[in-house]
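Have a look at the structure below, then the notes.
Fair warning: this is a prediction, and the values are worked out from it, not measured in the lab. Numbering starts at 1 and runs along the sequence shown.
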Amino acid sequence: MTKETYEKITGVLRNRAALAKVINLANKILTYIIFATYPCLLVYLFLQNRGMLLKAVLVPAVSFVVLSVFRRIVNSPRPYEVFGVPSVIPKKTKGKSFPSRHVFSVVIIGMTFLVCFPCKWAAVFILAVGAAMGVIRVISGVHFPRDVIVGALFGVISGAIGFYVI
């Protein structure tokens, strides 16, 4: 991505304060919704399917740690650092952009719902929220497209390995 492309993508939001507020609010609401659903799933599994509870905790937790260590080692700069243009979502974080941990977390939670919860529509909803969050994170200048794509892929792959192979 070039600076011009980045400015074009984020400029639409930076030049429209009301739209930028909507994007910031959507980012927060989607994050809270997803991270509230995961404990609900764990409570459901505790009450209804204890056999899956340990996997539902371990697979996301181990995957999150592996992703976080990888991200720290790579320490890729964020778009606002590279191009010197402020992001729409206020952030001061330096580095640790690749891969997106927000998108990864939503996708691994979606994979957990897919495997552990009888209603597959819940997983579809969560994965759709993950896609929306990925778009928001890119258009707001917090991540490059590759950050969210790799974050999502890592979530799918770690979910597939964790739930289906182990």
Side-chain angles (χ1 to χ4, degrees), residues 1 9 23-82 87-89 91 93-166:
M1 177 183 293
I9 290 170
I23 291 296
N24 274 295
L25 183 61
N27 181 63
K28 286 180 184 175
I29 289 172
L30 293 177
T31 301
Y32 292 141
I33 287 172
I34 295 304
F35 295 112
T37 61
Y38 181 60
C40 292
L41 173 64
L42 297 180
V43 169
Y44 167 81
L45 293 174
F46 178 78
L47 297 173
Q48 299 292 325
N49 187 358
R50 289 193 185 172
M52 289 301 291
L53 181 59
L54 187 59
K55 270 190 178 184
V57 171
L58 286 179
V59 170
V62 169
S63 300
F64 185 84
V65 169
V66 169
L67 179 94
S68 296
V69 168
F70 175 77
R71 194 168 109 133
R72 184 171 290 239
I73 291 168
V74 172
N75 199 25
S76 183
R78 294 177 178 272
Y80 56 82
E81 293 177 89
V82 172
S87 62
V88 175
I89 296 174
K91 294 228 19 123
T93 306
K94 301 289 185 196
K96 296 181 241 153
S97 180
F98 178 82
S100 170
R101 204 163 45 188
H102 268 81
V103 173
F104 158 77
S105 297
V106 174
V107 171
I108 194 68
I109 290 169
M111 294 292 289
T112 306
F113 267 85
L114 189 64
V115 172
C116 299
F117 196 65
C119 176
K120 301 308 177 199
W121 286 106
V124 171
F125 170 75
I126 290 170
L127 293 171
V129 167
M133 187 173 288
V135 170
I136 287 171
R137 308 290 287 175
V138 171
I139 66 172
S140 64
V142 175
H143 285 290
F144 290 105
R146 66 167 186 188
D147 301 340
V148 298
I149 291 167
V150 172
L153 286 173
F154 192 90
V156 169
I157 291 167
S158 61
I161 291 170
F163 289 115
Y164 294 111
V165 175
I166 298 173

* To do: For His143 and Phe98, indicate whether the former's side chain and the latter's backbone hold a donor-acceptor pair under 3.5 Å.
  => no

* Which distance, rounded to the nearest 0.5 Å, do you find between the CZ of Arg71 and the CZ of Phe154? -> 12.0 Å

Counting only pairs under 3.5 Å, give me each side-chain donor-acceptor contact of residues 38-50, with atom names and distances, residues two or more places apart or in other chains.
from, atom 1, to, atom 2, distance (Å)
Tyr38, OH, Ala56, O, 2.5
Arg50, NE, Phe46, O, 2.7

* Counting only N and O atoms by type, is there a donor-acceptor contact under 3.5 Å from the side chain of Arg72 to the main-chain atoms of Lys96? -> no

* Flag side-chain contact, heavy atom, 4.5 Å: Phe35 against Ile109 -> yes

* To do: Drop me the distance from Ser100's OG to Arg78's CZ, to the nearest 0.5 angstrom.
  => 8.0 Å

* To do: Considering non-hydrogen atoms only, spot the tightest contact between Gly151 and Val103 and give its length.
  => C-CG1, 4.4 Å

* Heavy-atom pair with the smallest gap, counting every atom of Ile9 and Val138 -> CG2-O, 4.2 Å

* Exercise: identify the closest heavy-atom pair between Ser63 and Ser158 -> OG-CB, 3.3 Å

* To do: Give, for atom CD1 of Ile136 and atom CE of Met133, the distance between the pair rounded to the nearest 0.5 Å.
  => 7.0 Å

* Asked: Hey, does Arg146 have a side-chain heavy atom less than 4.5 Å from the side chain of Ser76?
  -> yes

* Asked: If only atom types and distance count, is the side chain of Asn27 paired as donor or acceptor with the main-chain N or O of Arg137 below 3.5 Å?
  -> no

* Lys55, NZ atom: more than 12 neighbouring heavy atoms under 6.0 Å -> yes

Using distance only, find each side-chain donor-acceptor pair of residues 111-121 under 3.5 Å and give its atom names and separation, not counting sequence neighbours.
from, atom 1, to, atom 2, distance (Å)
Thr112, OG1, Ile108, O, 2.7
Lys120, NZ, Leu114, O, 2.4
Lys120, NZ, Phe117, O, 3.1

* Structure fact -> Residues Ala132 and Leu30: closest non-hydrogen pair is CB-CD1, 4.2 Å

* To do: Mind checking the CD1-CD1 spacing from Ile161 to Ile157? Nearest 0.5 Å is all I need.
  => 6.5 Å

* Asked: Taking it one step at a time, do Phe144 and Val82 satisfy side chain to side chain contact (heavy atoms under 4.5 Å, CB included)?
  -> CA-CA 10 Å; Phe144 290 105; Val82 172; 4.0 Å; yes

* Asked: Which atoms form the tightest heavy-atom contact between Thr93 and Gly95, and what is the distance?
  -> CG2-O, 3.8 Å

* Asked: So which heavy atom on Ser140 is nearest to which on Ile23, and how close?
  -> CB-CG2, 4.3 Å

* **Flag for Arg101-Ser68: side-chain donor and acceptor within less than 3.5 Å** => yes

* To do: For the residue pair Pro99 and Leu67, establish whether any side-chain heavy-atom pair is separated by less than 4.5 Å.
  => yes

